[in-house]
Protein chains: 2
Amino acid sequence: MANTTANSTQKECSAGMLPIKDALTLLSGKWKIPIIMSLSFGGKRFKEITKEVVGLSDKVLAKELKELEENYLISRTALDTFPPTVAYEITAHGRTLEKVILELKNWGLQHRKMVTGK
Amino acid sequence: MANTTANSTQKECSAGMLPIKDALTLLSGKWKIPIIMSLSFGGKRFKEITKEVVGLSDKVLAKELKELEENYLISRTALDTFPPTVAYEITAHGRTLEKVILELKNWGLQHRKMVTGK
DNA sequence: CGGTATCCCCATTGATACTG
DNA sequence: CAGTATCAATGGGGATACCG
């Protein structure tokens, strides 16, 4: 039962941590947010994403897109053309990330000012 | 001005990405935000953090604390006692992360509902 | 207690080649 | 074009031991 020590901390922390761990597990890493941002300006094809997100390889992009799709953040639509055309778009759920990304951006700006000595 | 083409996308994207990349580079990974959250409830000692943040090893904690300190997010105070006592605290700048963390938490909750089928 | 040093492993990445 | 297959290399993380 109760932890008698410095424990409301313990409790509140583990309780509050869950959704944050979820979010972190999914979004952490160098590429997912850049990919989502790239798509948030408009749907794109595979190759277009690799061009916009500098340093991102085909293999990694394929893996990231798969994870993002499995998590309902983007949609994938393959057209039966030749050569193949595949359109990636952000979903409504993906758009709910915009607030998070905005906060991240604001904080990044603030942090940069702090580090560079204002 | 009508940037109706994909060019504006390119420009806006790389411009807006910078602070986000900064933030991501610093905060990405499994541990930094959990550590900051743990400290946001009150200053703690090394061992106390390892107890609160489940799964975090000594080696990794030492590395993470170093990075957080270098980025002015936490402060480290060593007391000259035996056995040694070291107090870690969140800084004012570290507290500016609270909004980001809150958004992350809200989003994590929302995402979990979505994935578990509401 | 608060770490560092060392070894070791395996997961992620890069490079390259290939296919529908 | 939109990926997959394969191989090799790198390094981050666990386990353990040790030190001030």
Side-chain angles (χ1 to χ4, degrees), chain A residues 5-7 9-10 17 21 24-36 38-39 42-71 73-91, chain B residues 5-6 9-10 21 24-36 38-39 42-71 73-91:
Chain A
T5 57
N7 24 64
T9 294
Q10 182 98 317
M17 279 308 294
K21 283 220 170 189
L24 244 39
T25 302
L26 176 52
L27 302 175
S28 224
K30 290 161 70 176
W31 305 119
K32 293 207 185 67
I33 288 183
I35 292 169
I36 285 170
S38 168
L39 291 177
K44 286 185 188 56
R45 299 164 63 179
F46 191 90
K47 207 91 207 178
E48 291 179 307
I49 301 173
T50 62
K51 275 177 217 147
E52 260 196 35
V53 183
V54 183
L56 176 56
S57 71
D58 284 9
K59 194 174 68 176
V60 172
L61 175 57
K63 197 199 71 191
E64 300 288 58
L65 288 173
K66 216 166 277 179
E67 289 181 37
L68 291 174
E69 199 194 348
E70 281 165 2
N71 283 279
L73 299 179
I74 62 167
S75 67
R76 179 185 185 278
T77 312
L79 285 76
D80 196 10
T81 56
F82 188 87
T85 306
V86 181
Y88 289 96
E89 284 177 272
I90 194 164
T91 61
Chain B
T5 67
T9 296
Q10 182 96 320
K21 284 222 168 187
L24 244 40
T25 303
L26 176 51
L27 301 176
S28 222
K30 291 162 67 177
W31 306 119
K32 294 207 185 64
I33 288 183
I35 292 169
I36 285 170
S38 166
L39 290 177
K44 286 182 187 60
R45 298 164 65 178
F46 191 90
K47 209 92 208 177
E48 292 179 306
I49 302 174
T50 62
K51 275 178 217 146
E52 258 196 33
V53 183
V54 183
L56 176 56
S57 70
D58 284 10
K59 193 174 67 174
V60 172
L61 176 56
K63 198 198 71 190
E64 301 288 58
L65 287 172
K66 215 168 275 178
E67 289 181 38
L68 291 173
E69 198 194 350
E70 282 165 3
N71 283 279
L73 298 179
I74 62 167
S75 67
R76 178 184 186 278
T77 313
L79 285 78
D80 196 9
T81 56
F82 189 88
T85 305
V86 180
Y88 289 96
E89 283 177 273
I90 194 163
T91 61

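Residue numbers start from 1 in every chain, and the chains themselves are labelled A, B, ... in the order their sequence lines are given, proteins ahead of strands. What's counted below: heavy atoms across the whole structure, side chains too, no hydrogens, waters or symmetry copies.
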Strand-adjacent residues in residues 53-65 of chain B, judged by heavy atoms under 4.0 Å from DNA chain C: B/D58, B/K59, B/A62
CG/A/L68 to CD/A/E70 distance, rounded to the nearest 0.5 angstrom? 9.5 Å
Enter the distance from B/K63:NZ to B/K66:NZ here, rounded to the nearest 0.5 Å. 10.5 Å
How many angstroms lie between atom CG of B/L65 and atom CD of B/E67, to the nearest 0.5 angstrom? 10.0 Å
Whole-Å distance, B/F82 CZ to D/dC19 P, equals 14 Å
Give B/K30 one of three labels, base, sugar-phosphate or nothing, depending on what nucleic acid heavy atoms sit under 4.0 Å from its own. nothing
Do A/K47 and A/D58 come within less than 4.5 Å of each other through their side chains, counting heavy atoms only? yes
Once you round to the nearest 0.5 Å, how far does CD1 of A/I33 lie from CG of A/L27? 5.0 Å
Could you tell me the separation between the OH atom of B/Y88 and the CD1 atom of B/I74, rounded to the nearest 0.5 Å? 6.5 Å
Nearest-nucleotide check on DNA chain D, A/Y88 vs B/P84; residue mapping nearer the 5' end is A/Y88
Length of the CZ-P vector between B/F46 and D/dG20, whole Å: 18 Å
For the helix from C/dC1-D/dG20 to C/dG20-D/dC1, what is the angle between the axes at its two ends, each from 5 pairs, rounded to 10°? 50°
Examine D/dT4: is either OP1 or OP2 under 4.0 Å from a nitrogen or oxygen in the side chain of A/K66? Give yes or no. yes
Euclidean distance, B/T91 OG1 relative to B/L73 CG, rounded to 0.5 Å: 5.5 Å
Worked check of side-chain contact (heavy atoms from CB on, under 4.5 Å) between B/K30 and A/L24: CA-CA 7 Å; B/K30 291 162 67 177; A/L24 244 39; over 6 Å; no
Which whole-number value in Å describes the distance from A/D80 CG to C/dG20 P? 15 Å
Nearest whole Å is fine: how far is D/dA2 P from A/I74 CD1? 13 Å
Does a nitrogen or oxygen in the side chain of B/R76 sit under 4.0 Å from OP1 or OP2 of C/dG3? yes
Result of checking A/E52, A/K44, A/E64 against A/I35 for side chain to side chain contact (heavy atoms under 4.5 Å, CB included): A/E64
Whole-Å distance separating the CD1 atom of A/I35 from the P atom of D/dA2: 15 Å
